[in-house]
Number of protein chains: 2
Amino acid sequence: MAEHLLRCDSCAVRHRAVCGALERDEVARLSAIAHHKLLPPGQVILHDNAEMHYFANIVSGVVKLTKTLADGRQQIVGLQFASDFLGRPFRANSPYHAETVTDVHLCTYDKGQFERLVKEIEGFEHRLFQNTLDELDSAREWMLLLGRKSAGEKVASFLLMVARRMESIGCKVSDDPERPRFNLPLSRAEIADFLGLTIETVSRQISRMKVDKIIALEGTRTISILDMQRLMAAMEQERD
Amino acid sequence: MAEHLLRCDSCAVRHRAVCGALERDEVARLSAIAHHKLLPPGQVILHDNAEMHYFANIVSGVVKLTKTLADGRQQIVGLQFASDFLGRPFRANSPYHAETVTDVHLCTYDKGQFERLVKEIEGFEHRLFQNTLDELDSAREWMLLLGRKSAGEKVASFLLMVARRMESIGCKVSDDPERPRFNLPLSRAEIADFLGLTIETVSRQISRMKVDKIIALEGTRTISILDMQRLMAAMEQERD
DNA sequence: CGTTGACTTGAACGATATCAAACAGGGTGG
DNA sequence: CCACCCTGTTTGATATCGTTCAAGTCAACG
């Protein structure tokens, strides 16, 4: 038990994850049912429409939630980073597919045991609820992007969103706050699936921003934002 | 008090709204803080980014939630029908704009009083939570539509969605289950804002379905679905 | 009737998709 | 160490779908 406590005390995402709201002894109870899981990229966590057997906090790495049409067209409907919660309490199965994008470190909880704790621990469900409201806000933000933004605006918004998330979980490669530098967790194909575009269009927009000196690339995954002002302007208002 | 109970007992949406989960005496407490509000179309319920002062159940009518870009481009990010809940418990303000689309009958609750009840009534927050998970599912379903479906598929999906909602709240005009007939609550402009298209494209797609004998129109708002099979096929797979 | 606003229809244009080829980096086997 | 793929990415040419701009229709209403 003391050991469990210790584990959570040293957890990198402890204060930002849903468990952050818990009291010390409650954390211990949660910790007692926690199991750690390390997954390589491309691992399926949840099949579309399948039953879920566990919940999880993401300790590190990135997970994508996707939906697919009959003919194979795919859309990423959610991107989860360190400290995000995976799973739908009190729901039997998932309406989407969840898959690791990078190496992922999960802190998992058996479904039944977790739901029992949620009922027993005062305020825990409240925290999960508020977390879901945040997810809903992000989803709706993304609906605006998907329905109304141009390709250039979409890519700019995406880069900024990733930059912010990477920053907040301390994964930035650089230390100049004005010129963030980070590794893109997604491939071009995945970015396209997230933005409702094709690979080629994503690539062209990124190339254009490179030519325009808004960003710089090292290899294909490491991005530096050179001109934050213009990137933010490009997010809502495509220049001609 | 008895009067309040009575009011809820005869409520059209009582069993499907979030209050449907409550015990008899709990309904009475909720009823005690309820106020009814009748609004004409085009009335703003919530300003983007403004503070919310009340929650509400929709008793009848349709409400749209929208987000707008700096230059005026708009996206409907949620469409709420009778029995849907409006508001974000324990959040100070709203990240989107809510506006009536038709005549709307609301059953409203003061924010503070409602939140107190949520804390006091066992299982009430749970119900609100599950309701929010449903909203999240719808939002993600719509992300797939916005990002990956063609104009024709979008319009077909929209008609089917409205048909289903109208049916479930008993607003269908016809009684043949194979050939639903109903009034569109949205104008062409609103449909366009919901689907991420222009008015003209929406109009053309509807005209095409009319020529193809998949639907029939009376005036501009009343729709009959003539061929449910083909409408459902058109939803996911655009014919050439 | 004439006006207004919502909708439809048509023609031209443009953004993004599609198709196709070239390119780059990283691993493998020789 | 190099030749060879393999996969992901970039770039180019063309096609297509949906937008834009512009009329035209229609019903409601003064």
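Order of the sequence lines fixes the chain letters, A, B, ..., with proteins taken first and strands second; residue numbering starts at 1 for each chain.
- Classification of A/E236 and A/K149 as a salt-bridged pair holds, one side-chain N sitting under 4.0 Å from a carboxylate O.
- Between the side chain of A/Q75 and the backbone N or O of B/L146 there is no donor-acceptor pair closer than 3.5 Å.
- Between the P atom of C/dA24 and the CG atom of A/L217 lies a distance of 15 Å, rounded to the nearest Å.
- Whole-Å rounding puts the B/I191 CD1 to C/dC7 P distance at 8 Å.
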List every contact pair, protein side and nucleotides 15-17 of chain C side both N or O, where the distance is under 3.5 Å.
| from | atom 1 | to | atom 2 | distance (Å) |
| --- | --- | --- | --- | --- |
| C/dT16 | OP1 | A/A151 | N | 2.9 |
| C/dA17 | OP2 | A/T198 | N | 3.4 |
| C/dA17 | OP2 | A/T198 | OG1 | 3.1 |
| C/dA17 | OP2 | A/T201 | OG1 | 2.3 |

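- The separation between B/E190 atom CD and C/dG5 atom P is 17 Å, rounded to whole Å.
- Mapping heavy-atom proximity under 4.0 Å, the span of DNA chain D touched by chain B runs 5' to 3' from D/dG18 to D/dC21.
- The side-chain heavy atoms of B/H97 and B/K67, taken from C-beta on, include no pair separated by under 4.5 Å.
- At a threshold of 4.0 Å, the pair B/R88-A/D134 does not count as salt-bridged, since none of the basic side-chain nitrogens sits closer than that to a carboxylate oxygen.
- Looking at A/R140 and A/E135, no side-chain N of the basic residue comes within less than 4.0 Å of a carboxylate O on the acidic one, giving no salt bridge.
- Summarising the geometry, atom CD1 belonging to B/I214 is positioned 9.0 Å from atom CG belonging to B/L226; distances are rounded to the nearest 0.5 Å.
- Atom-to-atom, CZ of B/R188 to P of C/dG5 comes out at 19 Å; the value is rounded to the nearest Å.
- The side-chain contact (heavy atoms from CB on, under 4.5 Å) test with B/L79 singles out one residue from B/V62, B/V63, B/D84, B/T66, and that residue is B/V62.
- Residue contacts for A/S207: at a heavy-atom cut-off of 4.0 Å it reaches the sugar-phosphate backbone alone, with no base atom in range.
- A 4.5 Å side-chain heavy-atom check between A/T222 and A/R181 finds at least one atom pair inside the cut-off.
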